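Structure, as structure tokens:
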Number of protein chains: 2
Amino acid sequence: MKLMKSNITMKDIANKLGVSSVTVSKALNDKEGVSDSLKVTIKKVAGEMGYRFNSAAKSIKDGLSYNIGVMIPQRFTGMNDSFYLRVYQEIAIHLDHYGYFGILNILSSEDEEQLNFPRVYSENKVDGIIILGQISKKYIETVQNMDLPKLFLDFYDEHAAIDSIVTDNFYGAYELTNYLIQSGHRDIAYVGNIYSTSSIQDRFLGYYKSLLEHGLAFEDRLLLNDRDERGYYIDIELPEKMPTAFVCNCDQVAYNLCEFLNASGYKVPEDCSVVGFDNDLYATLTSPPLTTVEVDIEQMARTAVKSIMDKVSNPNRRNGRVLVQGKIIYRDSVRTLEADQVKINNKHK
Amino acid sequence: MKLMKSNITMKDIANKLGVSSVTVSKALNDKEGVSDSLKVTIKKVAGEMGYRFNSAAKSIKDGLSYNIGVMIPQRFTGMNDSFYLRVYQEIAIHLDHYGYFGILNILSSEDEEQLNFPRVYSENKVDGIIILGQISKKYIETVQNMDLPKLFLDFYDEHAAIDSIVTDNFYGAYELTNYLIQSGHRDIAYVGNIYSTSSIQDRFLGYYKSLLEHGLAFEDRLLLNDRDERGYYIDIELPEKMPTAFVCNCDQVAYNLCEFLNASGYKVPEDCSVVGFDNDLYATLTSPPLTTVEVDIEQMARTAVKSIMDKVSNPNRRNGRVLVQGKIIYRDSVRTLEADQVKINNKHK
DNA sequence: CTGAAAGCGCTTACAG
DNA sequence: CTGAAAGCGCTTACAG
């Protein structure tokens with residue numbers, strides 16, 4: 001079925017002007033081989049005739065679609081405050097600078113389980129694909145089999161030799177924990193299921209490194225679970241002996257924790273300090289607002305787009321694992337403990 | 001520059017099997033004119049060879065890109081909780097059912113002012129375009145000049161003969177106000193800049209109709225502004241005589257109002273009732289949570305996709321202005337006033 | 001059931 | 001500086 005659109009082609013412009021379509025093509029693309037005056041005329045007439053470039057014709061010639069696929073696993077799509085959608089939005093904006101477009105591809109749980117290639121791939125709709133958000137081990141293999149530049153964003157996999165861009169979760173949590181220790185805290189818990197995602201795990205390790213460096217012992221009671229294997233939040237169980245501070249793997253969990261602490265009669269930061277990660281909406285909804293680490297979405301998107309575009313022009317290009325630094329946002333959810341208060345806390349043992 | 005990808009084409013499959021590419025095309029597309037056995041063989045070999053369909057070649061033939069553009073004005077992109085991004089996400093999911101993809105197009109303020117066509121249009125990248133979020137009057141004209149099926153989503157314009165899909169703001173606010181009146185409220189304010197967007201205005205009119213129907217007089221003091229001309233929130237000024245209830249144009253403003261009321265010593269709902277609109281994150285962040293109207297995002301996206309796909313196959317198709325019903329979510333921010341309390345309130349006059 | 005021919009709109013050598 | 005020819009990968013008549 002042919003659409004009844006009155007599509008103007010280069011040939012139409014050429015006919016009107018009594019030149020060839022080759023000349024029109026050169027003029028419109030600012031290429032060598034047309035006199036300046038003819039070029040001007042052609043552009044003018046093209047505008048008058050409402051000419052629109054047919055990118056499909058170009059695509060078929062050079063084998064490029066001028067689209068980049070952004071794949072987000074379905075399970076990340078339910079949230080109200082969607083971090084990934086905002087990342088996608090920034091990606092779309094940056095792709096525009098390269099003359100590219102972004103095609104959003106929600107990876108259904110079904111396709112992920114059945115290891116189906118995404119349609120953007122099997123229909124050749126994209127020149128590269130950014131996988132935004134952790135996918136299953138099995139599906140990583142499927143992605144590896146795709147003959148296309150690809151990039152993991154916001155997660156990585158040790159075994160897959162696929163370039164990735166992640167927030168420096170490790171360093172961010174390390175700095176944040178250092179800050180708590182400098183503020184006099186010695187008994188610090190970490191909240192998060194460390195087997196759930198690499199982000200949560202790496203943030204834990206940054207926390208752990210800080211403990212190690214300061215000669216503080218880590219105990220199992222200091223690791224508090226926040227979600228089940230499927231990623232659904234569960235009630236947080238406080239340890240018998242209360243820590244003086246909590247490092248939460250994300251702001252939403254920090255928010256949940258604050259609510260729970262308040263309900264249990266603990267005040268933040270008087271009774272215990274809480275820090276988050278992400279600096280999303282939740283960080284400003286607690287009272288007091290949360291000290292947290294801001295993920296630099298714009299920088300992540302910019303880096304991701306640059307990296308994938310590099311790979312499109314040079315498929316052998318490897319960038320490895322690139323870290324994007326976060327930034328601590330200091331607010332009021334951390335209390336500075338006086339030396340004697342630290343002692344009192346220790347006596348409780 | 002030609003990409004060094006080992007692209008398998010139908011011709012390759014045909015050569016391998018000693019048939020013509022026409023036959024391969026028919027087999028792969030399940031068309032008439034190939035024996036079943038040959039069809040099976042072709043599909044099998046195509047799979048083995050890792051054949052991927054070249055959609056650009058198809059596009060150039062039938063003049064369809066199999067993409068739909070979704071344009072969101074830049075000024076709506078700053079928010080943390082992005083309603084429009086979630087709508088876009090649902091649109092992408094529904095487009096998939098039609099074999100289509102969604103291309104996100106952030107309309108920069110610059111392009112909006114200079115009345116530039118979006119690149120998705122001038123490069124023929126889409127078969128239709130959904131404009132998600134109010135654009136300027138001037139830019140509406142630009143959109144009208146685009147020779148492409150188009151659709152306004154979440155707003156409409158009286159003068160533009162462009163189909164639109166909007167939440168039934170009028171009816172939602174009407175029902176909500178009815179509910180307040182049934183709960184004994186007689187002095188009800190509306191919070192929102194009614195010249196800012198058609199949504200805010202229509203919600204106001206629903207509120208107004210409810211007042212009219214119940215013989216309640218509207219007074220200017222009952223209309224409270226919440227944002228300036230550029231859409232930035234301003235401090236809300238309470239009227240001298242406090243109303244018993246507030247109908248807010250959206251949940252975020254309701255949330256802001258609740259914070260302000262609490263800070264000013266008023267308790268919700270004991271001292272005054274508050275209702276919102278949208279049922280977004282903010283509706284559950286107040287305490288108590290807000291009674292509000294839920295916008296049916298999934299239904300809006302489904303309707304929008306169906307409508308634009310209709311127009312793609314039949315450019316003359318007109319659907320007019322389609323309303324998508326919302327749904328009241330009853331929570332605890334509304335107090336039922338006893339008859340005598342209403343009287344007491346009236347005595348204050 | 002099978003395939004040769006033509007064409008979609010553009011661009012890339014290459015010849016003049 | 002200008003353009004005829006060929007080709008990108010597919011599909012649509014049409015002929016056998």
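These numbers come from the heavy atoms of this one structure, side chains and all, not from hydrogens, waters or symmetry mates. Chain naming here is simple, since letters A, B, ... match the order of the sequence lines and numbering starts at 1 in each. Predicted model only: the values in this text are computed from it and were never measured.
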Could you give the [atom1]-to-[atom2] distance, from [X] to [N], as a whole number of Å?
{"X": "A/Ile8", "N": "C/dC10", "atom1": "CD1", "atom2": "P", "answer": "11 Å"}
{"X": "B/Lys11", "N": "D/dG9", "atom1": "NZ", "atom2": "P", "answer": "12 Å"}
{"X": "B/Leu64", "N": "C/dG9", "atom1": "CG", "atom2": "C1'", "answer": "15 Å"}
{"X": "A/Lys61", "N": "C/dT11", "atom1": "NZ", "atom2": "P", "answer": "9 Å"}
{"X": "B/Ile60", "N": "C/dG7", "atom1": "CD1", "atom2": "C1'", "answer": "9 Å"}
{"X": "B/Ile13", "N": "D/dG9", "atom1": "CD1", "atom2": "P", "answer": "12 Å"}
{"X": "A/Leu38", "N": "D/dG3", "atom1": "CG", "atom2": "C1'", "answer": "12 Å"}
{"X": "B/Asn54", "N": "D/dC10", "atom1": "CG", "atom2": "P", "answer": "5 Å"}

Check your understanding: Is a donor on one side and an acceptor on the other found under 3.5 Å between the side chain of B/Ser59 and the backbone of B/Ser55?
Key -> yes

Answer yes or no: is there a donor N or O on one side and an acceptor on the other, between the side chain of B/Ser65 and the main chain of B/Lys125, under 3.5 Å?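 Judged by distance alone, yes, a pair lies under 3.5 Å.
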
Practice problem: Output the residues of residues 16-36 of chain B in contact with DNA chain D, where contact means a heavy atom of the residue under 4.0 Å from an atom of the strand; sort by number or write none. | Solution: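 Correct list: B/Val22, B/Ser25, B/Asn29, B/Lys31.
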
Minimal heavy-atom distance between A/Tyr121 and A/Asn145, with the atoms involved, is OH-O, 4.0 Å

Review point. Does a nitrogen or oxygen in the side chain of A/Tyr51 sit under 4.0 Å from OP1 or OP2 of C/dC10?
Key: yes

Query raised in the report: Does B/Asp12 pair with B/Lys16 as a salt bridge, N-O distance under 4.0 Å?
Result: no

Check: Taking NZ, NE, NH1 and NH2 as the nitrogens, is one of them in B/Glu90 or B/Arg86 under 4.0 Å from a carboxylate oxygen of the other?
Finding: no

Task: A/Met300 and A/Thr167: CA distance, side-chain angles, deciding distance, side chain to side chain contact (heavy atoms under 4.5 Å, CB included) verdict - done: CA-CA 8 Å; A/Met300 286 195 78; A/Thr167 288; 3.2 Å; yes

Per side chain to side chain contact (heavy atoms under 4.5 Å, CB included), B/Ile308 is matched among B/Leu153, B/Asn319, B/Leu151 by B/Leu151

So the ring-ring contact (aromatic ring centres under 6.0 Å, His included) pairs with at least one residue in residues 36-74 of chain B (sequence neighbours excluded) are B/Tyr66-B/Tyr100

Intra- and inter-strand pairing of DNA chain C, written as dot-bracket with Watson-Crick and G-U pairs under 3.5 Å and | for the latter, reads |||.||||||||.|||

Consider only side-chain N and O atoms of A/Gln74 and A/Ser109, and report whether a donor and an acceptor are under 3.5 Å apart. yes

Quick note, B/Thr9 side chain, CB onward, closest among D/dT11, D/dG9, C/dT11 is D/dG9

